[in-house]
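Predicted, not measured: the structure shown is a model, and the values here were computed from it.
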Amino acid sequence: MATAENEIETTSHNATSNPGRVRWALLAILATLSGWFLWPSLTLLSGIYGNVDDYSHGFLIPLMSAYAAYEIWKEKDLRHLAPSWFGLPILVTGAFIVVIGHWYNIALMPGGLGVGFIVAWGIYFCVIGGVLMAGGPSSLKTFFFPVAYLFFAIPFPLTMTLPLTLRLREIVSVISEKLIDAVGITIFREGNVLHLANASLGVEDACSGIRSFWMLMAIAAALAYVIRMGRIEAIVLCLLATPVSVLMNILRVVATGMLVQRFGIAYASGWRHDLCGWTTFAGGLAVIFGIGTLMSAEASQAPTDSREVAPHRTRRPLWRAGLASIYGVVAGVLVLGLAANHAIANHYKPKEDQLYQTKKPLTELPERIGTFTMLGTADIGERQLDILDPSDYAVRFYKSSENEVVQVRLIYWNPVRYRSSSEAKDRLSGVSGHIPDNCFPAWGYERMTDQDIDASYEDVTYRPLSIRTFSKAGASKCVLFWYEARENVLQSIDTDIAWRFNKLLESWRRPFSQTHASQYVVTIVVDVRTDVSRSREVALTFAEALARILPEYGME
């Protein structure tokens with residue numbers, strides 16, 4: 001009889017221990033679903049952190065947040081926390097924002113800070129909603145720092161940070177000019193360009209302090225947590241990141257100016273310039289740490305204990321208080337988000353007949369196009385090829401019957417499969433980011449904007465083409481070009497939210513990937529010998545003849 005009772009007791013004990021295992025199993029399932037659902041967004045953000053220097057600290061933010069959460073979990077009594085449905089609307093909102101960002105990334109603007117801004121806020125809302133559902137409103141107060149600190153991982157688009165960047169650049173330029181002049185060096189400032197006797201220095205975005213500002217503020221917040229500063233002191237320390245970053249970058253510009261004046265222009269670029277930047281940033285860190293230590297020493301004299309142990313409350317285990325049902329609802333939200341992401345990706349996939357269309361290679365361009373005869377060929381530079389990553393390209397020189405030389409540059413991209421954000425961004429940016437309006441000024445040419453022409457020439461192409469005039473050192477070039485891209489969405493995204501959302505809806509009814517077989521850029525360059533009008537006439541004549549054969553090469 002005793003044996004039977006012992007068996008029943010053992011069975012009962014095993015049953016009561018199973019809920020813990022069930023809870024961990026449910027947590028593992030939720031973690032897997034969360035990773036699967038957020039993977040495209042996390043990949044996109046990692047690309048931003050890796051390629052945009054202003055947000056290179058983004059990789060460290062989640063690590064610091066996770067460390068703080070673990071420390072709180074170890075030190076505090078969390079038995080007073082109870083699951084709650086209060087966070088469900090916030091979680092659903094976050095998941096919806098993530099889906100919208102995923103859609104926006106595929107349909108309109110692959111990669112970029114704007115998309116990163118959207119998905120980062122979506123993830124942030126998901127975290128807040130998850131914390132509230134797991135432990136109720138009290139959990140948000142308990143884990144305030146780990147949740148709030150994730151804010152520093154959100155990248156902001158240039159349209160939001162540009163006013164601050166320009167203002168900081170102006171401040172750095174003005175004060176640097178005065179300090180350099182004060183040490184006896186002749187200097188003249190023109191906007192954000194400082195002209196010395198032997199060189200001119202441009203105060204770029206990196207020198208404005210905006211980059212170190214973001215990093216120093218994140219470091220200041222982490223330092224305030226680690227040394228247990230009060231909230232007021234922590235806020236003051238974070239706010240000090242702005243003047244400290246500006247001060248350090250002023251010193252950087254002044255030091256660079258003095259070095260350039262003494263040793264030459266080599267100190268304004270390359271490893272010497274980078275070393276100067278890192279040295280001033282290290283100085284900023286030292287200032288922040290010094291201020292934080294002093295403030296912490298003063299605050300520590302007051303007998304405060306910011307880590308009170310919450311009173312113990314006897315209640316039922318979490319799994320019996322509805323946590324399992326909350327796990328189920330969260331899993332349902334994640335599954336719906338996964339389904340939405342899959343539907344969006346599938347909707348925008350190019351059709352099979354577009355993926356494998358046949359065309360002549362551009363290397364087989366005829367030796368005679370209209371009345372123009374081919375003179376020779378050329379290559380695109382290796383660095384440009386790495387940036388553009390074209391599927392096919394050709395650079396040819398043709399001569400007219402009147403010995404006028406025409407250079408034609410054709411760059412072609414295969415139909416774009418749905419890929420990771422970074423790959424899609426690299427491929428699509430080749431069209432919008434490397435048209436003559438961008439390239440020729442980068443090569444030192446000045447654009448004569450008063451001679452710009454943007455119009456449609458039915459005999460040339462159904463796409464609007466543009467004609468530009470660029471000049472450098474007395475040599476002028478007439479440049480005619482047209483391209484196939486995402487209905488100009490890539491090169492001019494309006495800042496109005498309603499306009500963007502309308503474009504998003506339009507893209508669903510008429511997906512780019514299913515209506516455009518390929519992407520390409522056609523550029524025709526003619527040297528200006530006498531007058532621009534004659535060069536335009538030659539370029540248009542060649543373009544008309546070229547447009548007739550381009551469909552054979554996939555450029556319809």
Side-chain angles (χ1 to χ4, degrees), residues 52-57 158 161-221 223-224 236-298 441-444 446 472-473:
V52 182
D53 292 336
D54 291 357
Y55 299 103
S56 57
H57 60 281
L158 292 177
T161 60
L162 187 59
L164 176 61
T165 302
L166 294 178
R167 181 59 180 160
L168 291 177
R169 282 175 62 181
E170 182 183 1
I171 293 173
V172 171
S173 300
V174 171
I175 298 179
S176 297
E177 178 200 16
K178 295 183 181 302
L179 291 176
I180 293 175
D181 181 65
V183 297
I185 297 176
T186 303
I187 185 172
F188 167 69
R189 182 176 64 87
E190 187 177 11
N192 294 316
V193 179
L194 305 178
H195 298 285
L196 303 174
N198 61 340
S200 295
L201 305 177
V203 180
E204 303 295 338
D205 290 350
C207 299
S208 67
I210 189 68
R211 184 174 303 167
S212 56
F213 162 72
W214 292 120
M215 293 184 184
L216 287 177
M217 183 169 282
I219 291 171
L223 177 64
V236 171
L237 185 63
C238 290
L239 292 178
L240 286 174
T242 302
V244 169
S245 63
V246 172
L247 174 62
M248 290 299 109
N249 278 278
I250 289 172
L251 294 177
R252 174 184 182 180
V253 174
V254 172
T256 300
M258 296 174 66
L259 289 170
V260 168
Q261 179 68 19
R262 178 68 176 83
F263 301 105
I265 193 63
Y267 281 82
S269 61
W271 68 268
R272 297 178 180 89
H273 183 259
D274 293 339
L275 179 61
C276 185
W278 281 110
T279 302
T280 52
F281 178 71
L285 280 180
V287 171
I288 289 293
F289 272 92
I291 294 174
T293 302
L294 289 175
M295 294 175 67
S296 176
E298 293 179 3
W443 295 334
E446 180 183 358
K472 180 175 73 171

Check Ile219 against Phe289 and note the closest heavy-atom contact, atom names and distance.
CG2-CE1, 4.2 Å
Working for side chain to side chain contact (heavy atoms under 4.5 Å, CB included), residues Met215 and Ser56
CA-CA 8 Å; Met215 293 184 184; Ser56 57; 2.9 Å; yes
Using a cut-off of 6.0 Å, state whether more than 12 heavy atoms not belonging to Lys178 lie near its atom NZ.
no
Gap separating the CE atom of Met248 from the CD1 atom of Ile288, nearest 0.5 angstrom:
9.5 Å
Does any N or O in the side chain of Asp181 come within less than 3.5 Å of the main-chain N or O of Glu177, such that one atom is a donor and the other an acceptor?
no
CG (Leu168) and OG1 (Thr242) are apart, to the nearest 0.5 Å, by 7.5 Å
Ser176 side chain to Ser173 backbone, donor-acceptor under 3.5 Å:
no
What heavy-atom pair brings Leu223 and Gly292 nearest, and what distance separates the two atoms?
CD2-CA, 4.2 Å
Minimum-distance pair of heavy atoms, taken over all atoms of Val246 and Ile171
CG1-CG2, 4.1 Å
First locate atom CG of Leu164, then atom CZ of Arg169, and finally report the distance between them rounded to the nearest 0.5 Å.
12.0 Å
CD1 on Ile180 to CE on Met258, rounded to 0.5 Å
8.5 Å
Could you tell me which residues satisfy side-chain hydrogen bond (donor to acceptor under 3.5 Å, both in side chains) with Glu446, sequence neighbours excluded, listed by chain and number?
none
Is there a side-chain contact between Val287 and Ile291 (heavy atoms, below 4.5 Å)?
yes
State, to 0.1 Å, how close Ala220 and Cys238 come at their nearest heavy-atom pair, and which atoms those are.
CB-CA, 4.0 Å
When rounded to the nearest 0.5 angstrom, what distance separates CG in Leu240 from CG in Leu247?
11.5 Å
Could you tell me the separation between the OG1 atom of Thr293 and the CG atom of Leu237, rounded to the nearest 0.5 Å?
9.5 Å
